[in-house]
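The shown structure was predicted, so the numbers you read here are calculated from the model rather than taken from an experiment.
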Number of protein chains: 2
Amino acid sequence: MQETGTQETGKAPARPPRTRQPPHIRRQMITEAARTVIAGHGLHATTLRDVAAAADVALGTVTYHFTGIDEVLAEVLKSEMLIYSAPITDAAQEAATGRAGLDVVIDGLLASDERAGEHWRLWLDFWTLAAHNAEYSAWQSQIYRDLHAVVAGLLRRGHADGSLTVTDPVREAVEFVAMLDGLVVQSYLRQSQITPDQARAMLKSYAWQTMPARD
Amino acid sequence: MQETGTQETGKAPARPPRTRQPPHIRRQMITEAARTVIAGHGLHATTLRDVAAAADVALGTVTYHFTGIDEVLAEVLKSEMLIYSAPITDAAQEAATGRAGLDVVIDGLLASDERAGEHWRLWLDFWTLAAHNAEYSAWQSQIYRDLHAVVAGLLRRGHADGSLTVTDPVREAVEFVAMLDGLVVQSYLRQSQITPDQARAMLKSYAWQTMPARD
DNA sequence: CCACTTATCGGTCGACTGTACGATTAATGA
DNA sequence: TCATTAATCGTACAGTCGACCGATAAGTGG
């Protein structure tokens, strides 16, 4: 029993490699694995066993780091907003002009890579979750309020620096976000009617025509 | 055992009232009950037992008229499109002008009553279903193609009768539907940012400004 | 080298789920 | 009136889910 090798008994059932991680690291690894599973099978079709398999850990490890499946899903959504959306809106607010900021938002959120598709399919699942759950609904509502505020701020800046013409920033922001959401549905769902490239072109065309630059 | 009354034994466990229905009627009753359940709890949280309870029939009755839960859900979605959407688009095509037809679509699809909210929450669940299921995805894609065609037809009529000004009907139709979908998300989800009344006003304002009447 | 902490494992349990099926009995027509 | 059909019922079964928990062992400080 004191042999140096880790595998000595031929009948041993393939000892799994177990490298321990501090909780905050393992939580992050499981969360990332869960995000992949959700993007593939959908939020409601994701089980703890799926997540555990994708993270290459035992079932018990997931329930050790999380109180339950709900906490895993909530963590995925929270980290997704932090990793994907936040950098884009932050970059937009650091753009030179209001119009340049809108460009950053459009190009960032309506990107053509597969990662954007995963993000929006995750966000779509979040919609249905919020449609029937008060807690998620309140959170989603706050996210939209923040997004509206960011866009309205960009429109005000654009009107001030002459890159845009905006009479009612709040109203125009809601309209812009609505158009964004609608184009997302047409772009990223399977068998989509338009490509993300076309969606970006349409949203930019819409923005520049309804809010043209000063002179 | 041959008594005339139907209820004689005091210990009899509350004989349920059983009035038989021909299959096409019972299917319709079960479908309507299922629609209510789905609107409340969501598509993926709806079980056969929930549907049976809502329809006030036994579990076996549901499995007698339907091959399984999938067929029930599919029937609900199919009938919802036929009952809710089809009459609106039909009425729109019978309107006097293209612009009047758009009014019918806007007022019909963005109605303020609770039934509209149920419709869109059901449609939202359908989105997530289509996002991960090829069969539903194909069907949903066809529904959007039809809607785009209907709107594009209204725009062409409006341009012809002078009630609208449209240069690219197909492109404008996609944009219009995108704005419609986006406003739906902001209007009918819980803790919504805007009311359906505001959504109708915004969509009409958008349509009349981007496609003004001829002179 | 050795206790001690704790991350990890994997089996187990109760609570559901969808589906199948035999027993009832309302409805129909001869 | 009575035999036949078939709509309805309720139970049973196999499967999967989330959650729980004792056993194991990797890592750490002394």
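At the heavy-atom level, B/Ile69 lies under 4.0 Å from the strands shown only through sugar-phosphate atoms. Across all strands shown, B/Thr47 has heavy atoms under 4.0 Å from sugar-phosphate atoms exclusively, and none from any base. Residue A/Leu48 is in sugar-phosphate contact alone, with no base atom involved, counting any heavy-atom pair closer than 4.0 Å across all strands shown. Residue B/Gly68 is in sugar-phosphate contact alone, with no base atom involved, counting any heavy-atom pair closer than 4.0 Å across all strands shown.
Of all nucleotides listed (D/dT8, D/dG27, D/dC9), D/dT8 comes nearest to the side chain of B/Gln21. Distances were taken from every side-chain heavy atom of A/Leu59 (C-beta onward) to each of C/dG11, D/dT11, D/dA7; the shortest belongs to C/dG11. When distances run from any side-chain atom of A/Thr63 to the nucleotides C/dT8, D/dC20, D/dA7, the shortest one goes to D/dC20. Considering only the side chain of B/Thr61, D/dC9 comes nearest among C/dT8, D/dA19, D/dC9.
One finds no salt bridge joining A/Glu94 and A/Arg157 here, because no Lys/Arg side-chain nitrogen approaches an Asp/Glu carboxylate oxygen to under 4.0 Å. Between B/Glu114 and B/Arg121, at least one side-chain N (NZ, or NE/NH1/NH2) sits under 4.0 Å from a carboxylate O, which counts as a salt bridge. The existence of a salt bridge linking B/Glu32 and B/Arg35 is confirmed by a sub-4.0 Å separation between a basic side-chain nitrogen and an acidic carboxylate oxygen.
With rounding to whole Å, B/Met29 atom CE is found 14 Å from D/dA7 atom P. What separates NE2 of A/His24 from P of C/dT6 is a distance of 16 Å, to the nearest Å. The distance from atom CD1 of A/Ile25 to atom P of D/dG27 is 15 Å, rounded to the nearest whole Å. Rounded to an integer number of Å, the gap from CZ of B/Arg27 to P of D/dT8 is 13 Å. Rounded to an integer number of Å, the gap from CG of B/Asp50 to C1' of C/dT17 is 11 Å. Across the protein-nucleic acid pair, B/Phe66 atom CZ and D/dT8 atom C1' stand 15 Å apart, rounded to whole Å. Whole-Å rounding puts the A/Arg20 CZ to D/dA26 P distance at 7 Å.
OP1 or OP2 of D/dA7 has at least one side-chain nitrogen or oxygen of B/Tyr64 nearer than 4.0 Å. Within the structure, a side-chain polar atom (N or O) of B/Arg26 is placed less than 4.0 Å from OP1 or OP2 of D/dT8.
Mapping B/Gly60 and A/Val57 onto DNA chain C via the closest heavy atom, the residue that lands nearer the 5' end is A/Val57. Positionally, the nearest nucleotide of DNA chain D for B/Arg49 lies more toward the 5' end than for the other of B/Arg49 and A/Thr46.
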- prompt: Under the side-chain hydrogen bond (donor to acceptor under 3.5 Å, both in side chains) criterion, do B/Ser112 and B/Arg200 qualify, and how do the steps go?
  reply: CA-CA 10 Å; B/Ser112 293; B/Arg200 289 196 299 274; 3.0 Å; yes
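Relative ring orientation between A/Phe126 and A/Trp139 is described as tilted, the plane-to-plane angle lying within the 30° to 60° band.
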